[in-house]
Number of protein chains: 2
Amino acid sequence: MTQVRPMRADARRNYERLLKAAAEAFAEHGENASLDDIAKRAGVGPGTLYRHFPNRRALLEAAYLDRIEAIAARAGELADSLPPGEALRAWLYELCVGSLQVRGLKALLGSAVADGSPGAGTACAACVRGAAARLVEAARRDGALRPDVEPVDLLRLAHGVATAAELADEAGGRIRRYLTLLMEGLEPAAAPSD
Amino acid sequence: MTQVRPMRADARRNYERLLKAAAEAFAEHGENASLDDIAKRAGVGPGTLYRHFPNRRALLEAAYLDRIEAIAARAGELADSLPPGEALRAWLYELCVGSLQVRGLKALLGSAVADGSPGAGTACAACVRGAAARLVEAARRDGALRPDVEPVDLLRLAHGVATAAELADEAGGRIRRYLTLLMEGLEPAAAPSD
DNA sequence: ACCTGAACACCGTTCAAGT
DNA sequence: ACCTGAACACCGTTCAAGT
């Protein structure tokens, strides 16, 4: 219904400059990069930034939407080339790696699965949630995942794993380790006791 | 060796006022509570705050040291009244609950197990790490924990679980759930396949 | 319709002046 | 030895004035 009237040429140009500047700034300084600085990099007044993006989250999401979509697309690729359980595991691994590799992305993904957050109902959230749901369903059907685990729980736990790994010096290596512990459990393998 | 000369009376009084004001402010506004506000609450100039606490972390730690000690003490109590595996599990649960219940505490505990952080070498860090180490060792000896899991990994994962649970509306209930998934693993119980 | 940039409130941090 | 509070730099956000 809402015909999205095309933006005026200068508005469109500023919008794109802001996106580019934001991606740079977030990559350099993380999610808390200065909005003032972003506006300056884009060669616009701070008011223009607010006109296009009402808050930091909106800007962060717009700047990283392509990456989110790429992550979601990977889910399909992995599902096509691996058994369901392994596909899920591999995807969660890539999700965590991306979260830490691309500064600011972890915060965005977190807010996409946070119940109260304004980020919960966005395109970005729908994108990751959808990808997770498909992998989870396949893994469940294949008996490779506890049947009582919901996609959103998995995404939250992945966010937790990334957060935990980030605390270590060799964060990259820790992701694999912590993810394995999460998948297999901390208790020793099935010791059939009394 | 370094004889800690007693503080001048007014210094001591200001120090304590700051601690009290900080505890209040952190509880109200979380770890990012305004330092200016804390100084004002304590009836002190901002310079005085910096004289006693060189940075936010130092203040946060000093304000919550008693709580950290209480958490560590709980480890001993639980170890005395439960089998090692259950004691460990119960303690991790209480750790997560405390992390979310006391605003700002999760951040402090996180920095205590973060490799690079200035918080890694503090009394607070030694306190939780020590408690975790004792529980881990007992649980390992009892065969209730994978032998290749280090205390610091467990503390980081608990931090991750608290972070994940915090994303849900009913955070309290999610802690138990996520911790169980971590302990038992996401894969279905020991399906003896081919 | 959109942009600009001044303006305001707020915050962290430092330091010269005081006692 | 310790405290005070002014001062500075920086940031988020708003809004009146422009085109």
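Naming: A, B, ... by sequence-line order, numbering from 1 per chain. These figures come from a predicted structure and were not determined experimentally.
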task: Among Leu19(B), Val44(B), Leu49(B), find the one that has a side-chain contact (heavy atoms from CB on, under 4.5 Å) with Ile38(B).
output: Leu49(B)
Tell me: [atom1] of [X] to [atom2] of [N], nearest whole Å?
X        : N      : atom1 : atom2 : value
Arg12(B) : dC3(D) : CZ    : P     : 12 Å
Arg51(A) : dA1(C) : CZ    : P     : 9 Å
Leu49(B) : dC2(D) : CG    : C1'   : 14 Å

Pairing partner (Watson-Crick or G-U wobble, both distances under 3.5 angstrom) of dT14(D): dA6(C)
Residue matched to dA1(D) through Watson-Crick or wobble contacts both under 3.5 angstrom: dT19(C)
query: Base, backbone or nothing for each nucleotide of nucleotides 9-14 of chain C, written B, S, -, heavy atoms under 4.0 angstrom, 5' to 3'?
result: --SBBB
Between [X] and [Y], does any side-chain N to carboxylate O distance fall below 4.0 Å?
X         : Y         : value
Glu16(A)  : Arg12(A)  : yes
Glu24(A)  : Arg41(A)  : yes
Arg140(A) : Glu137(A) : no
Arg174(A) : Glu166(A) : no

task: Would you indicate, yes or no, if dC2(D) has its OP1 or OP2 atom less than 4.0 angstrom from a side-chain nitrogen or oxygen of His52(B)?
output: no
dC3(C) phosphate, OP1 or OP2, under 4.0 Å from Asn14(A) side-chain N/O: yes
- prompt: Do the side chain of Arg56(A) and the main chain of Glu31(A) share a donor and acceptor less than 3.5 angstrom apart?
  reply: yes
query: Do any N or O atoms from the side chain of Asp142(B) and from the backbone of Ala144(B) form a donor-acceptor pair under 3.5 angstrom?
result: no
Might you list the N or O atoms of the protein lying below 3.5 Å from N or O atoms in nucleotides 17-19 of chain D, with each pair's distance?
none

message: Angle between ring planes, Tyr15(B) versus His52(B), binned at 30° and 60°: parallel, tilted or perpendicular?
response: perpendicular
